[in-house]
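The model shown is predicted, which means the values in this text are computed figures rather than measured ones. Within every chain, numbering begins at 1; the chains are lettered A, B, ... in the order of the sequence lines, protein sequences first and strands thereafter.
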2 protein chains.
Amino acid sequence: MTTIYDIAKKTGYSITTVSKVLNDYPNVSEKAKAKVLAAVEELGYTPNSSARTLATNKSWMIGVVFAEHLGVGMAHPFFSEVIESFKKHVELYNYDLLFVSRKMGLKEETYRHLKHRGVDGVVVVQSLGDDALDFTEFNMPTVFIDMPEKGAHAVYSDNKQGSTLAVDYLYGLGHRKIAHITGAQTMYTAVERAKGFELAMEKHNLSIPSKYIVDGGYYSYEGGREAMFRLLSLTDRPTAVFVSGDEMALGAIKVIKEAGLRVPEDISVIGFDDIPLAKHVDPPLTTVKQDKELIGHQSAALLLDEINELGKNRNGKVIPVQLIKRQSCMSVDHMW
Amino acid sequence: MTTIYDIAKKTGYSITTVSKVLNDYPNVSEKAKAKVLAAVEELGYTPNSSARTLATNKSWMIGVVFAEHLGVGMAHPFFSEVIESFKKHVELYNYDLLFVSRKMGLKEETYRHLKHRGVDGVVVVQSLGDDALDFTEFNMPTVFIDMPEKGAHAVYSDNKQGSTLAVDYLYGLGHRKIAHITGAQTMYTAVERAKGFELAMEKHNLSIPSKYIVDGGYYSYEGGREAMFRLLSLTDRPTAVFVSGDEMALGAIKVIKEAGLRVPEDISVIGFDDIPLAKHVDPPLTTVKQDKELIGHQSAALLLDEINELGKNRNGKVIPVQLIKRQSCMSVDHMW
DNA sequence: TTGTAAGCGTTATCAC
DNA sequence: GTGATAACGCTTACAA
């Protein structure tokens, strides 16, 4: 490996001068600069980031902690889009992303590992708060995506508003018997969406039979199937279902079809996320769209500010959602 | 930050002994071991990986270079699954994944950056060979996914065989007018699948009108739409279409439907990849499944061997594919 | 404008 | 079993 010593020897300058050239310091002659740069090129010199990190205490890496409970890791259709957007943004500032091993299940172990790696900041992408560990004592710039965390930046969608949008829309279509397939209530997003659902229903003076709220688990296709199955078994079936996640919604639609019913003619379905498939399925899924692009971008901006100590107040940042009307909902007048 | 010096001071031992304990070296007394470990716990000591890397010349990081030409980065439905599988495997051996910035478009710049980071190995996830740079001179353990590269390990599906499976199946269903929507011929996979298609057609003594082969570009939904559109405008339309990628296939199906035709009653469609949506669309897509799990696993194993200098011959490793029969294909007898 | 030398936190060599 | 000490490749006071 070639080092600054090699460059120094080759050019006749000291390593200090070489280093200064490499780091664009002011007081170096043009001549020195030229010679050094030429030597760098000729010898194919590449600075060693470990050495640099050791000396400067700055790694130019951002640690990424990914959701585990969903099992798919970075193949997750929503999170992968968010993190891609995040990556695009931090790349502009020369940061690389370090996806750390999570075989250590414990949060604390993960922190230790991130400290070990000397990352400049951390982005936590998960909707689940495993255990309550106060982040203020983990003294490291951190941003949470998809859930708020005490003492840290966080960026997430306006989940409650999303539910409101969904319910209002269904109400406007004349639906009164509206059910809700929730996500597991251990997840912040799922809780918020459920709350929003109840609030919106209340607003319209609509009662919610307890059987109309059913837990679909961790946003999975299978969970949606099971939940919808239960809903269909009810004697007084809902005419519309607001599902807390798109994949669950697809599972629900599948079950409805299997039961010989149609979407939206017999039952209207509305999802949450707007994953890429949503527009391609049949019928195209009406859903509450989360702005993955913006979530990624905002969380990156927040984290970079924090790293550069420009961080202001560490609050949750709420990203607006939007109702995407496609073909999985229908006015009650036209049903049956 | 607490260092081994702090541990040394606290325990009364030298940093050498501390280091030995930390690295499980043989010649240390049980007593020393216990004291050191206790101090580590008490002080919340975390080793500094940069220092360690500097001293050992081993970073325990694997660099990840991701496809760019598709625009979606790690949100890619196929690649994200492969890399997740890869990650799961290398995690077992304590490696973290470093996703490097690719704003430097040039391959050479990327290499430099990876060298700079001191990664122990590199996995390149892309189906496109940007430019011809010989990897043998980039002296670093590397594995390519989805395309072969001279002088490096590579893991990819048996693309030709996939085409054969598809054509044979369609032939068996009685189809004789079979078209092929290819991927851009700059991609290895696309070329192989196209070759396989031609070979298989030849085998059955089926002629391929030149208009029956149309380029759908980089496997995108839109590309599939456009390609299918051209196919539909033909006076002598095909009864079946083998599409080189699932997303393209979905686009193609969409266009078919928009033209007032049905899949599979009017036209049979078969895709390639088996992305998660494939089973959820309508009709569920018959497709050639790539074993993402195995591709990720194999490439990880190959790379780790190379890193540990157990690397044997650096050849391409071909992963078997499988035809997944769903509902987008139909026997010609039942058509119309 | 340039150079000397200390320091970053480890591991590794070698003597005790 | 244990401990000095050099080395890894770089940045950065401080001097010159």
Side-chain angles (χ1 to χ4, degrees), chain A residues 1-40 43-61 94 112-120 140, chain B residues 1-40 43-61 94 96 112-120:
Chain A
M1 183 183 234
T2 121
T3 74
I4 46 172
Y5 283 92
D6 300 320
I7 307 288
K9 193 177 295 175
K10 176 118 193 165
T11 58
Y13 285 102
S14 71
I15 59 163
T16 304
T17 301
V18 172
S19 177
K20 283 182 174 168
V21 169
L22 259 28
N23 291 289
D24 270 328
Y25 272 54
N27 297 319
V28 272
S29 66
E30 284 306 320
K31 188 177 162 197
K33 198 177 275 183
K35 280 187 87 169
V36 167
L37 258 25
V40 162
L43 271 48
Y45 165 79
T46 311
N48 178 312
S49 79
S50 295
R52 184 174 281 181
T53 297
L54 190 55
T56 59
N57 203 28
K58 167 101 185 165
S59 68
W60 295 99
M61 292 193 300
N94 298 312
R112 244 192 155 90
H113 189 67
L114 289 164
K115 274 267 206 277
H116 161 72
R117 282 300 194 181
V119 295
D120 297 333
M140 159 108 61
Chain B
M1 183 180 231
T2 120
T3 73
I4 46 173
Y5 283 91
D6 299 320
I7 306 287
K9 192 178 295 173
K10 175 116 192 163
T11 58
Y13 286 102
S14 71
I15 60 162
T16 304
T17 301
V18 173
S19 177
K20 282 183 175 166
V21 169
L22 261 27
N23 291 288
D24 272 327
Y25 270 56
N27 297 321
V28 271
S29 65
E30 284 305 319
K31 190 178 158 193
K33 199 177 273 184
K35 281 187 87 169
V36 167
L37 257 24
V40 162
L43 272 47
Y45 165 79
T46 312
N48 179 311
S49 80
S50 295
R52 184 174 282 181
T53 297
L54 188 56
T56 60
N57 202 26
K58 166 101 185 166
S59 68
W60 294 99
M61 292 192 300
N94 299 312
D96 291 327
R112 246 194 154 90
H113 188 67
L114 289 165
K115 273 267 206 276
H116 161 72
R117 282 301 194 180
V119 296
D120 297 332

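- Residue B/T53 places no side-chain N or O under 4.0 Å from the OP1 or OP2 atom of D/dC8.
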Check nucleotides 13-16 of chain C against the protein and report each pair of N or O atoms closer than 3.5 Å, with its distance, or say if there are none.
none

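- Here A/T16 contributes atom OG1 and A/I4 contributes atom CD1; the two are 8.0 Å apart, rounded to the nearest 0.5 Å.
- Taking all atoms of both residues into account, the shortest heavy-atom contact from B/P47 to B/R52 is CB-NH2, 3.7 Å.
- Two residues are said to be in side-chain contact when any heavy atoms from C-beta on lie closer than 4.5 Å; B/R117 and A/W60 meet this criterion.
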Point to revise | Secondary structure string for DNA chain D (Watson-Crick or G-U under 3.5 angstrom, | for other-strand pairs) | key: ||||||||||||||||
Identify the pairs formed between an N or O of the protein and an N or O of nucleotides 6-10 of chain C at a distance under 3.5 Å, and give each distance.
residue, atom, partner, partner atom, Å
C/dG9, N2, B/A51, O, 3.3
C/dT10, OP1, B/Y45, OH, 2.7
C/dT10, OP1, B/N48, N, 3.2
C/dT10, OP2, B/I4, N, 2.9
C/dT10, O5', B/Y45, OH, 3.2

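- More than 12 heavy atoms of other residues, nucleotides or ligands lie within 6.0 Å of NZ in A/K58, so this atom counts as buried by the packing criterion.
- A/G12 comes within contact range of the sugar-phosphate backbone alone, with a heavy-atom separation under 4.0 Å but no base atom that close.
- Using a 4.0 Å cut-off, some side-chain N or O of B/Y25 falls inside it from OP1 or OP2 of C/dA12.
- Phosphate contact (OP1/OP2 of D/dT2, side-chain N/O of B/S14, threshold under 4.0 Å): absent.
- Within the model, atoms CG of A/N48 and CG of B/N57 stand 8.0 Å from one another, a figure rounded to the nearest 0.5 Å.
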